[in-house]
Amino acid sequence: MSLAVTGAVHAGERVGLRAEEGVIVELGPDVHPRSEDTKLDAAGGILIPPLINGHTHAAMTLFRGYGDDLPLMRWLEEKIWPVERKLEADDVYWGTRLACLEMVRSGTVRFWDMYWHPEAAARAVHDAGLRATVAAPLIDSDGRTQAMREAALQSLDELSAAGERIDAGLAPHAIYTVTEDSLRWIAELASERGIPVQIHLSETEQEVPDCVAAHGERPAHYLDRVGLLTPRTVLSHGVWLDEAELELIAARGAVIVTNPVANLKLAVGRVFPYVRARAAGIQVGLGTDGPGSNNSLDLFADMKVFALLQKHEARESAAVTAEETWEIATGRRAPLLGAHRLGVGQPADFLLLRTGVPELSFGELPAALVYAASGAVVASTVVAGRVLMRDGEIEGAEEVLARALECARRLGLAPPIASAQGNRALA
Ligand SMILES: [Zn+2]
């Protein structure tokens, strides 16, 4: 399988790109398509690396717009958990396909997922052509330790057969939903098999005094003591970390993924201390969190909010630049998240931007992408040399939308009428 891109703009010059077997083999001004290549005419569109979403619960696209604007615990207890008990693998498959559709459209090619029926999520990622690290949420604070451990091992077996674009991970949900004994068990299992671990850490204020009361130390120190603070750990949120915890996380080489939009929407009450995390030397990535709590998977929005929030918090407009924000959103500041450079010998994952859009008319590119653009500026998305979106068209999109709507209706998340959102009139 080979691909030839013509008429792209890269680093200020017209270039072509060829990919063979998923890898970039030529990139530059004198690249010419071969007869056997699939052709993609960029028509003057800019060639850029793609985005990486460091934390989400993709299939929660089915829950988008359901129970918004409630306090976190009421949202979970009254809205989300009762429906999640009815979730079947097919729901997760189509919910994840819907998420993949949105990500392809808005330039995200790799994501870190934590959700039920991970084998169905992995199948959806595979069929959509994207890349992901997929993991089942692990919870045993309800006393179901044996069942949780069996499910974790089973998910690793199933995910190991999910294909080369999918990596298996372990996802203890949080320090307050997994027992200490099981956190140690997960740490050993992850270490034995060399697999990454994702966990929510210090998202809400209450987590800190609860952890101190239960374990005599703050969350990051506790996580370290059970063996889960390693260079293979991705910590989501980290909003309430203090200086000593940031130093410890940096020393252990763990990654923090910040989710600024979800944090604001759920009103967690504090801004992730990015400037101090950067000073400590922590690797940082960007995530949307689930579409139930964001509600978008368009990482362009999270980029802008991240940069603005950090500037505002620091009372310093130079605190975070557009270029730095772009590096974070493309995974360059946290290699574990799976970013590649755009160059010969690298996986053929890239985006082509639309031409003729006002947001990108002129001016510095990182600033235009971070402050002015949305995911709608992406014209074409390529992963492993395969064109997933060509000039805004994605093959099979109608079926994904229809099947996801069927699942949402079965779960009572969408009304049984022609338009999924037609139950309210806006005046
Ligand atoms: Zn989350």
Side-chain angles (χ1 to χ4, degrees), residues 52-64 66-68 70-77 79-81 83-84 87 92 95-96 98-100 102-103 108 110-118 121 125 132-139 141 155 169-178 183 186 196-207 219-220 223 228 233-241 254-272 284-299 301-302 305-306 329 334 336-337:
I52 295 182
N53 189 343
H55 177 63
T56 190
H57 314 275
M60 291 191 81
T61 47
L62 299 178
F63 293 85
R64 180 159 30 207
Y66 179 69
D68 284 285
L70 287 174
L72 176 62
M73 287 322 288
R74 276 194 60 200
W75 177 66
L76 288 172
E77 287 170 4
K79 297 290 179 179
I80 302 301
W81 290 341
V83 181
E84 281 190 337
L87 269 185
V92 171
T96 307
L98 186 62
C100 291
E102 188 175 346
M103 286 192 255
T108 292
R110 194 183 203 298
F111 63 101
W112 285 63
D113 196 47
M114 180 199 291
Y115 207 56
W116 310 110
H117 298 289
V125 175
T133 299
V134 177
L138 304 175
I139 293 175
S141 51
S155 76
L170 285 166
H173 169 266
I175 56 170
Y176 54 88
T177 45
V178 183
L183 288 172
I186 292 164
V197 172
Q198 336 173 27
I199 185 167
H200 295 109
L201 191 79
S202 277
E203 178 178 8
T204 60
E205 188 173 14
Q206 193 57 40
E207 186 178 331
L223 203 61
L228 274 175
T233 306
V234 175
L235 308 166
S236 297
H237 304 298
V239 171
W240 291 92
L241 296 169
V255 172
I256 298 181
V257 168
T258 179
N259 306 270
V261 172
N263 291 160
L264 286 169
K265 184 160 183 265
L266 292 174
V268 300
R270 192 174 187 234
V271 174
F272 166 60
V284 174
L286 186 66
T288 55
D289 212 341
S293 59
N294 181 302
N295 299 358
S296 168
L297 289 167
D298 180 350
L299 210 50
D302 304 81
V305 170
F306 167 76
L336 177 66
L337 297 180

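One-based numbering, in listed order, for ligands and for the atoms of each.
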* Taking side chain to side chain contact (heavy atoms under 4.5 Å, CB included) as the test, write out the residues that go with Val92, two or more places apart. => Ala59, Leu87, Thr96, Tyr115, His117, Ala120, Ala121

* To do: Just jot down the side chain to side chain contact (heavy atoms under 4.5 Å, CB included) partners of Leu241, sequence neighbours excluded, or say none.
  => Leu201, Ser202, Ala220, Glu245, Leu246, Ile249, Ile256

* To do: Check the side chains of Asp289 and His57 for a donor-acceptor pair under 3.5 angstrom, ignoring hydrogens and angles.
  => yes

* Under 2.8 Å from the Zn ion (ligand 1), how many protein N/O/S atoms do you get? Just the number, please. => 4

* To do: Could you tell me whether Lys79 sits above the aromatic face of Phe63, with NZ or CZ closer than 6.0 angstrom to the six-membered ring centre and within 45 degrees of the axis?
  => no

* Structure fact -> Sorted by chain and residue number, the side chain to side chain contact (heavy atoms under 4.5 Å, CB included) partners of Thr177 (sequence neighbours excluded) come out as Ile139, Ser141, His173, Ala174

* For the residue pair Asn53 and Asp302, confirm or rule out a side-chain donor-acceptor distance under 3.5 Å. => no

